[in-house]
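Data block below; observations after.
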Protein chains: 2
Amino acid sequence: MELLSFFDSVYKITPRARESLSSLITEKEYSKIEIIQQIGSRCRTVYIVKRGIARIFYHKDGLDITEHFAFSNDLIVRAESLFTGEPTPKGIQAIENTTVYAIDAVSLFALYDQHHDIERLFRLLFEREHVNSIKRLESLQFQSAKDRYLDLLKNTDYIQKIPLKHIASYLGITQVSLSRIRSEIR
Amino acid sequence: MELLSFFDSVYKITPRARESLSSLITEKEYSKIEIIQQIGSRCRTVYIVKRGIARIFYHKDGLDITEHFAFSNDLIVRAESLFTGEPTPKGIQAIENTTVYAIDAVSLFALYDQHHDIERLFRLLFEREHVNSIKRLESLQFQSAKDRYLDLLKNTDYIQKIPLKHIASYLGITQVSLSRIRSEIR
DNA sequence: ATTTAAAATTAACAAATGTTAATTAAGAAA
DNA sequence: TTTCTTAATTAACATTTGTTAATTTTAAAT
């Protein structure tokens, strides 16, 4: 399975662990716009995008805000819920027709006890997410919206497949501001 | 040791593991303003604040920007370096006279191999940091500077011990803007 | 205590981003 | 295609935040 070789590239686990882990992995397909996890739910599934694009979003003052985009091989979890067990005001939605690998979190965490190396693999995977959060923090803390947009253009393929309203809220600005920035650039 | 009971409250490890871990823990004192880790270095130490206040900071366009504050029992690491091995443009500085527990990261990671439960303990500790990063992201993405300041006031004791210029950059605004916000509040 | 340097405030003006509303463009459904 | 709905753009004006510089306050050093 493609996912297992991706995992291998992060940290190689024993064949036995690999066997146990692969039995937890299922595939799910979602069509464009479809909700993968409802707002307000608990995060009890670790998703990894196989193909397509998904986003984490929430509502604030009636606005729809995108917190995160995920592309191929990206994890997509609502960590503030997965790690605490608390419900989260955030949901997950497919932006394109999207296939994800899904791993039940309770079963996964149970496997951690039996296989030290599975816990390590996922520790390393989540550490990458952690670093991503920090990078994003840096850009939101002290870059102008225009610079954040230019960085996003530079670093993110598939960007043209994402509705601009989602990009705007991801950047922390209104859609109108993003339009203005785009017109300044050209 | 106080630190070990704090660790116990997060995840209880075996006495043997506890023994091994405690042999790695040293204490260091830093006086106000003193640099704990230089900008540009690699993060090879996990610090936990015993008492006092420390910050993670970096320079951007000649400005000093505070990315993070740490108080008693808070971890303070430059995760983007600790988890990747790369140098980081960030440094660590004591804001008050500060005592930290220091754990050498290389030795710690070596212990992970021998003690599954030590790896788990630190996984859980770093997960908390990860969740903190996400919370901070939310506030920077779509709250006004005034709301961010009010939240900080509400949630953070000792805030009055931190120079306003550090608070301003932490909030992603200039010191002048923070002064303006403070005068509006009263 | 006095002096000195650094931090915080204030004010005036500039730039960036938000808000509302109208218009155009794009995409989905029939 | 044609129609209809949603997304994106544009414009005008409001608000927030930035910039510079002067002033006051606070804290450090002597």
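Computed over heavy atoms, backbone and side chain alike; hydrogens, waters and symmetry mates excluded. Here is the naming used below: chain letters follow the sequence lines, and residue numbers restart at 1 for every chain.
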Does CD belonging to Glu19(B) count more than 12 external heavy atoms closer than 6.0 Å?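 No, not enclosed.
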Closer than 4.0 angstrom, basic N to acidic O: yes or no for [X] and [Y]?
X	Y	answer
Arg123(A)	Glu127(B)	no
Asp151(B)	Lys154(B)	yes
Lys90(A)	Glu80(A)	yes
Arg16(B)	Asp117(B)	no
Asp64(A)	Arg55(A)	yes

Scan residues 160-169 of chain B against DNA chain C and write down, sorted by residue number, each residue with any heavy atom closer than 4.0 Å; if none is found, say none.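 Within this stretch, Pro163(B), Leu164(B), Lys165(B) sit under 4.0 Å of the strand.
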How are the rings of Tyr30(B) and Tyr47(B) set to each other: parallel, tilted or perpendicular (split at 30° and 60°)?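 Tyr30(B) and Tyr47(B): perpendicular rings.
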Return the value, rounded to whole Å, for the distance between atom CD of Gln175(A) and atom C1' of dT24(C).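 That distance rounds to 13 Å.
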Tabulate protein N/O versus nucleotide N/O from nucleotides 12-17 of chain C, keeping only pairs under 3.5 Å, one per line.
{"unit_1": "dT17(C)", "atom_1": "OP1", "unit_2": "Ala145(A)", "atom_2": "N", "d": "3.0"}

Tell me whether Ser169(B) contacts the main-chain N or O of Thr66(B) through its side chain, where contact means a donor paired with an acceptor under 3.5 Å.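 Yes, because the side chain of Ser169(B) sits within donor-acceptor range (under 3.5 Å) of the backbone of Thr66(B).
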Please find the pair of heavy atoms, one from Arg18(A) and one from Ser5(A), that lie closest to each other, and give the distance.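 Where Arg18(A) meets Ser5(A) most closely, the heavy atoms are NH2-N, 4.2 Å.
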If I take atom OG1 from residue Thr156(B) and atom CZ from residue Phe69(B), how far apart are they, to the nearest 0.5 angstrom?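 So the OG1 of Thr156(B) and the CZ of Phe69(B) are separated by 8.5 Å.
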Could you tell me the boundaries of the chain B footprint on DNA chain D, defined by atoms under 4.0 Å from its heavy atoms?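 First and last nucleotides in contact are dT17(D) to dA28(D).
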Residues Glu119(B) and His116(A): side-chain donor-acceptor under 3.5 angstrom: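 There is such a pair between these side chains.
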Tell me if the centroids of the rings in [X] and [Y] come within less than 6.0 Å of each other.
X	Y	value
Phe7(B)	Phe122(B)	yes
Tyr170(B)	Phe57(B)	no
Phe83(A)	Phe126(A)	yes

Over the length of the helix from dA1(C)-dT30(D) to dA30(C)-dT1(D), how much do the five-pair end axes diverge, rounded to 10 degrees?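 End-to-end axis angle: 60°.
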Listed by chain and number, what are the side-chain contact (heavy atoms from CB on, under 4.5 Å) partners of Glu184(B), not counting sequence neighbours?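 Once residues adjacent in sequence are excluded, the partners of Glu184(B) under the side-chain contact (heavy atoms from CB on, under 4.5 Å) criterion are Lys146(B), Arg180(B).
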Got a list of protein N/O to nucleotides 27-30 of chain C N/O distances below 3.5 Å?
{"unit_1": "dA28(C)", "atom_1": "OP1", "unit_2": "Lys32(A)", "atom_2": "NZ", "d": "3.3"}

